[in-house]
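To start, the structure under review is shown below, and the notes come after it.
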Amino acid sequence: MKTYKATAISPANIAFIKYWGWKNENDKALILPANDSISMNLSNCLTTTTVEFSPHFTSDSVKIAFFGQEKREATEKQREKVLHHVNRLKKTGDITLPVKIVSHNSFPSDAGIASSASAFSALTAATAHALGFAWDTKKLSIETRLSGSGSACRSIVDGFAYWQKDTNSENCYAYQLKDETWWDLADIVVVLDSHSKKISSLDGHQLATTSPYYQVRLQELPARIKKIKQAVEGKDFTRFGTLIEQEAISMHAICMTSQPPLFYWNHGTLEVILALQQWRKTGLMGYFTIDAGPNLHIICQKKDANILNQRLQALNNVSFTIVNTPCKGTRIIDNHLF
Ligand code: PMV
């Protein structure tokens, strides 16, 4: 009997302009962001996912493996989110068979990297392919966004992505700003020795509008987006670095002034920021950005990645680092995980 199987590989991405918050409940339901965002794919933070629909399966199953760890059943929460998305996609086709999903991440589970971006872009592409949908990158980006992990829609395209906001779901997707060969940048993910309680980005999106500064942020963003776009297009690294730090601080200022306040940083976060400021005075140029957690992404020019990586690893609170360069987006591959 015929089976339906496909495998996709997809990178996580780091946002230079952050997706943070929705304007209202309807936007929340459809993951329509309050602002545009810009990101770069990360070459060493990859998820590979195989999806198969088959009459041989008696029930749905979801298994995940992180680098260096055994494959295990997804947690109840992960399973629910994954199957909700797959079932929604399944409803748009003719196949009603049970599904088996196996996913492997190239990075450790405690890296604090938004693995949901690589996971949900890979899942969407593999599911669509297994179901026989011939979708272009725009459609794939829209459907990935609807998984609930909005930022995942930026991982679909190669290199540097621009996710445009829109009040209409069909116009809200990511497109390519520049491909992965455009700029010799590196992103050093700095994983801190942190046992702090994790606060999800969902909590942050939900609370964003409670900050008295949220409207100010939204007013500032068009000008900052324009400048960052120009800095990427003109490969103006110092300008770019200064702007991405402003942006990360702006997002975290919203978090810290939300009701209740959210503190994603810890003392290790500040140790790295202060060290970077010192190194820049000596001509070693690296700039930080931070997502919804204490860990940092240090963006530098590729030529400085080794020395910066060594210095970062020597800091007290740094547990380990992962060095990335810009890379291709989501792809279908032939090597299935089962
Ligand atoms: O896609 P989500 O819901 O995990 O939100 C992503 C939030 C940030 O990582 C902080 C910013 C971004 O644009 O990636």
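Keep in mind it's a predicted model, so treat the numbers as computed, not measured. Atoms within a ligand are numbered from 1 in the order they appear, just like the ligands themselves.
Under a cut-off of 6.0 angstrom, the local environment of NE2 in His129 is sparse, with at most 12 non-hydrogen atoms contributed by other residues, nucleotides or ligands. Residue-environment remark: CD (Gln313) exceeds the threshold of 12 foreign heavy atoms within 6.0 Å.
Annotation: cation-pi geometry not satisfied between Lys138 and Tyr175 (NZ/CZ under 6.0 angstrom from ring centroid, within 45° of ring axis).
Residues that satisfy the side chain to side chain contact (heavy atoms under 4.5 Å, CB included) test with His336, not counting sequence neighbours, are Lys5, Thr7, Thr50.
Salt-bridge formation is not detected for the pair Glu233/Lys178: no Lys NZ or Arg NE/NH1/NH2 atom is positioned less than 4.0 Å from an Asp or Glu carboxylate oxygen. The pair Glu245-Arg239 fails the salt-bridge criterion, with no side-chain N (NZ, NE, NH1 or NH2) lying under 4.0 Å from an Asp/Glu carboxylate O. Salt-bridge check for Lys18 with Glu247: failed, with every basic side-chain N at 4.0 Å or more from each acidic carboxylate O. The pair Lys100-Asp60 does not count as a salt bridge, with every side-chain nitrogen at least 4.0 angstrom from each carboxylate oxygen.
Not a single N or O atom of Ser149, backbone or side chain, sits closer than 3.5 Å to an N or O atom of ligand 1. Among the atoms of Ser37, none of the N or O lies under 3.5 angstrom from an N or O of ligand 1. At under 3.5 Å, not a single nitrogen or oxygen of Asn13, backbone or side chain, sits near a nitrogen or oxygen of ligand 1.
Here the protein heavy atom with the shortest distance to atom 11 (C) of ligand 1 is Tyr19 O, 3.6 Å. Among all non-hydrogen protein atoms, the one lying nearest atom 12 (C) of ligand 1 is Arg154 NH2, 3.3 Å. The protein atom (non-hydrogen) at minimum distance from atom 8 (C) of ligand 1 is Asp291 OD1, 4.0 Å. Among all non-hydrogen protein atoms, the one lying nearest atom 5 (O) of ligand 1 is His205 NE2, 2.9 Å. In terms of protein heavy atoms, atom 1 (O) of ligand 1 is closest to Ser151 OG, 2.7 Å.
Contact atoms of ligand 1 toward Ala292: 10 (C) (distance under 4.0 Å to a heavy atom of the residue). Residue Ser201 approaches ligand 1 through these ligand atoms, each under 4.0 Å from one of its heavy atoms: 2 (P), 3 (O), 4 (O), 5 (O). When each atom of ligand 1 is checked for a heavy atom of Trp20 under 4.0 Å away, the hits are 7 (C), 10 (C). The distance from ligand 1 to the heavy atoms of Met251 drops below 4.0 Å at these ligand atoms: 10 (C). Ligand 1 places these atoms under 4.0 Å from at least one heavy atom of Ala15: 12 (C), 13 (O), 14 (O).
When all heavy atoms of Ile332 and Ala125 are compared, the closest pair comes out as CD1-O, 3.7 Å.
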